[in-house]
Structure formats: C-alpha cells, structure tokens
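See below for the structure under consideration.
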Amino acid sequence: MNFVKDDIPEWIKPYAELGPGIELDVKINHDNFFWYLQAMCSPPNFEKYLILLHPFWINYKAEQLNKTVDFLRDKDVNEEEFERLTYSEFFKKYDEEFNLETAKRVKEKIAEKYLRNNNDWPKYIWYPAEGEAELSDLEFITKSLIKKYGDLESDFFYVLMKTKKTYEDKILRGNLSELPKVWDFEPEIRDSPSAIYPTKGNDWFIITDYDCPMTFIGGKSELIDEMLKNKPEGIDLYEIKPKYEQKKASSQHRL
C-alpha cells in the first residue's frame, strides 16, 4: 500500500470530493434526510444501495455516576469503557422505536428532550460520528467484496479535510485486505477513508462524506443481498432505494 499521484475517477468524483458535486430539486429535512444524502453521496445507476448508520456510544459507568454527582469531570469518563449501540438499542433507552423513515426526527427529539441541557451535552454519550465509519464495519464490507471479487487493488481516497496538508486530497492504493493499514499512514491522512473504490472498473463503491454520520455502499444486487444476509449482529446496515434525480452542480457551488 502506498500513496499515488492520481486523480479520482470521474464516475465517483462528484460524490466523494468535498463540496456538493450535484444538485437536487428538493431541500433536506428530517423526513428525507437519509434519501437526500444518499442522492448527494452515491453515484447513480447501481443495481442496489446500502446505508450504514454509524453507531451511538455510551459509557454506562459514567451514566450511573452522573446520577449521583452535580457534574462529571473529564477524568470520570474513561473512553475505553464506551460501548457501541445500534439505533434500535439507543432509541429503546428512551422508549422510542427505530424506523429508517422516522429515525432522523426521533434522533433529534431524543437530543432535545433528554440530552441537550443548556447546550451542555452529557459526557457519557457520543452521537454517531460524522465522516468516520468504524473499522469493524468497513472490514465486513471489504471482506464481502473480497468474497465476490477477490482481493482487488483498490483506492482509499481522503478528502483534503482529512489530510495533513489540507490543500490537497490524497489516495492510498492497495488491496482490499490492506484496509487496516491505512491507519499506519497517519498523520499524513486521518482515520477512515472518505471513499473506497476499485482502481480499475466501477462495480462498487463505499463513500463516507466528511459531514455525514453514515456511509453509503453501491453494487450489484447479488453483492448487496449477500451483505444484508450475512451482516453481523449490532451493525445498522439497510437497503436504501433512491428517491431523487441528480443534476450536475454548477461550478460556483464547488469548493
């Protein structure tokens, strides 16, 4: 695996680069949130698409301590003690049900009703990370790809906001099985890739937009169905069907 001086392919470029590469005729809201972002972040014409919701995290020990003290100090909250929660598990804590159609609205309802207190967020809860997919979740996806296509040479793309020199994007090139090695290249790049795609061809993609608490995957029906069939317990992975027609963004909207 190594950095390459290459351009991101045109078929994925508008959807993976920073800034809106396309335009929609609708505005984003709580009800269309996931489908709007799917359209903004997913190249068209794939047979099926998946949405991977990034997990919630909770520190139960700190949560209990919070009930007995006036406030939690930073030293009271051990990052190693956080546990991941699916949307269903998190919603259940607040007597809410998970449904992708209403998930954004319910998520905001919980935040407003139970968690935001004078703009002071509880230290024992982490909401889903924006622009960061979990390694274990990405490994499940890449292993599924390897099972179907073999250990393909692939590009691991990082937008400029996730690189040490913030004026340029970077591409690491290596085999799919080398995904965990991207962390060896810090601090030149940071955390999980913004996009993963085959170096040759366009049979599939994985895109995690810098500002989005989810990841989108596209591919052939057989691949997507196999992922859904074999997804591990505790991973929020769902089929998402496109709703909106995409239009190329005018140049003045690009960063």
Side-chain angles (χ1 to χ4, degrees), residues 1 4 6 8-18 21-22 34-35 37-55 128-159 161-163 169-183 185 189-232 235-242:
M1 175 173 275
V4 295
D6 207 349
I8 185 170
E10 289 298 322
W11 67 269
I12 195 172
K13 182 176 181 177
Y15 310 92
E17 283 191 332
L18 199 64
I22 62 142
F34 297 115
W35 289 267
L37 293 174
Q38 185 277 327
M40 294 295 290
C41 301
S42 298
N45 303 320
F46 282 83
E47 291 181 3
K48 286 188 177 181
Y49 297 88
L50 293 174
I51 182 172
L52 170 67
L53 302 178
H54 301 170
E130 295 180 349
E132 301 297 342
E134 297 298 321
L135 172 60
S136 59
D137 296 350
L138 288 178
E139 283 190 306
F140 165 71
I141 296 166
T142 55
K143 286 176 181 177
S144 299
L145 289 165
I146 290 170
K147 183 178 179 181
K148 180 168 177 58
Y149 295 106
D151 196 8
L152 289 178
E153 182 179 66
S154 302
D155 285 359
F156 302 82
F157 173 76
Y158 285 80
V159 296
M161 295 295 286
K162 300 186 75 171
T163 66
D169 301 329
K170 281 188 174 291
I171 296 174
L172 277 170
R173 183 164 292 165
N175 293 341
L176 280 170
S177 62
E178 294 183 286
L179 168 66
K181 292 184 180 179
V182 300
W183 278 266
F185 290 85
I189 47 88
R190 178 169 55 82
D191 300 322
S192 62
S194 305
I196 307 173
Y197 51 88
T199 303
K200 297 179 180 179
N202 59 352
D203 286 336
W204 53 269
F205 73 86
I206 305 167
I207 290 179
T208 308
D209 185 87
Y210 185 75
D211 290 320
C212 293
M214 77 283 290
T215 294
F216 295 101
I217 303 103
K220 297 185 182 299
S221 295
E222 181 183 354
L223 171 69
I224 299 303
D225 291 345
E226 192 70 14
M227 286 185 185
L228 289 172
K229 178 182 176 182
N230 296 314
K231 68 177 181 179
I235 182 173
D236 269 321
L237 188 66
Y238 308 97
E239 183 177 357
I240 184 168
K241 296 182 179 180

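Only this structure's heavy atoms are used, side chains among them; waters, hydrogens and symmetry mates stay out.
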I'd like to check Met214 versus Pro128 (side-chain heavy atoms, cut-off strictly below 4.5 Å). Are they in contact? no

Just jot down the side chain to side chain donor-acceptor pair (under 3.5 Å) partners of Glu222, sequence neighbours excluded, or say none. Lys148

What's the verdict on side-chain contact (heavy atoms from CB on, under 4.5 Å) for Glu239 and Leu228, showing C-alpha distance, side-chain angles and the deciding distance? CA-CA 8 Å; Glu239 183 177 357; Leu228 289 172; 4.0 Å; yes

Within a strict 4.5 Å, meaning less than it, do heavy atoms of the Cys212 and Cys41 side chains meet? yes

Can you name the nearest heavy-atom pair linking Gly131 to Lys162, along with the distance? O-NZ, 3.0 Å

Can you label the angle between the Phe46 ring and the Phe205 ring as parallel, tilted or perpendicular, going by 30° and 60°? perpendicular

Could you measure the distance from the CE atom of Met227 to the CD1 atom of Ile141? Nearest 0.5 Å is fine. 6.0 Å

Residue pairs involving residues 38-48 (criterion salt bridge (charged side-chain N to carboxylate O under 4.0 Å, His left out); sequence neighbours excluded): Lys48-Asp225

Counting distance only, does the side-chain N/O of Tyr49 pair as donor-acceptor with the main-chain N or O of Ile224 below 3.5 Å? no

So, taking the atom named CD1 in Ile217 and the one named OG1 in Thr142, what distance separates them when rounded to the nearest 0.5 Å? 11.0 Å

Compile the donor-acceptor pairs under 3.5 Å between side chains in residues 190-197 and protein atoms, sequence neighbours left out, one pair per line.
| unit_1 | atom_1 | unit_2 | atom_2 | d |
| --- | --- | --- | --- | --- |
| Arg190 | NH2 | Met161 | O | 3.0 |
| Ser192 | OG | Glu132 | OE1 | 3.1 |
| Ser192 | OG | Ala133 | N | 3.2 |
| Ser194 | OG | Val159 | N | 3.1 |

Test side-chain contact (heavy atoms from CB on, under 4.5 Å) applied to Val182 and Tyr158, step by step: CA-CA 10 Å; Val182 300; Tyr158 285 80; 3.4 Å; yes

So, do Phe157 and Pro9 sit near enough that their side-chain heavy atoms are less than 4.5 Å apart? no

Are Phe185 and Lys170 close enough that some pair of their side-chain heavy atoms sits under 4.5 Å apart? no

Give me the atom names and distance for the closest heavy-atom approach of Ile12 to Pro43. CG1-CG, 4.1 Å

Side chain to side chain donor-acceptor pair (under 3.5 Å) partners of Lys181, counting only residues at least two apart: Glu178

With Thr199, the side chain to side chain donor-acceptor pair (under 3.5 Å) member among Asp6, Asp155, Asn175: Asp155

Find out whether Leu152 and Trp204 are in side-chain contact, i.e. whether some heavy atom of one side chain is under 4.5 Å from a heavy atom of the other. yes

Do Glu139 and Leu179 have side chains that approach each other closer than 4.5 Å (heavy atoms only, starting at C-beta)? yes

Distance col, row Asp209:CG vs Leu37:CG, nearest 0.5 angstrom, shows 7.5 Å

Applying the side-chain contact (heavy atoms from CB on, under 4.5 Å) criterion to Thr215, which one of Leu50, Ile206, Ile207, Leu53 satisfies it? Ile206

Note: Pro213 and Asp211 closest approach over all heavy atoms is CD-O, 4.0 Å

Interatomic spacing from CG in Leu52 to CZ in Phe140 - rounded to 0.5 Å: 9.5 Å

Shortest non-hydrogen contact between Phe156 and Met1, atoms and distance: CE1-CE, 3.5 Å

Sorted by chain and number, sequence neighbours left out, side chain to side chain donor-acceptor pair (under 3.5 Å) with Asp151 holds for Ser177

Could you pull out the closest heavy-atom pair between Leu176 and Gly150, with the gap in Å? CD1-O, 4.1 Å

If every non-hydrogen atom of Pro180 is compared with every non-hydrogen atom of Leu135, which pair is closest and at what distance? CA-CD1, 4.3 Å

Taking side chain to side chain donor-acceptor pair (under 3.5 Å) as the definition, give me every residue that meets it alongside Asp169, ordered by chain and number, with sequence neighbours left out. none

Check whether Tyr238 forms a cation-pi arrangement with Lys231 (NZ or CZ under 6.0 Å from the six-membered ring centre, at most 45° off the ring normal). yes

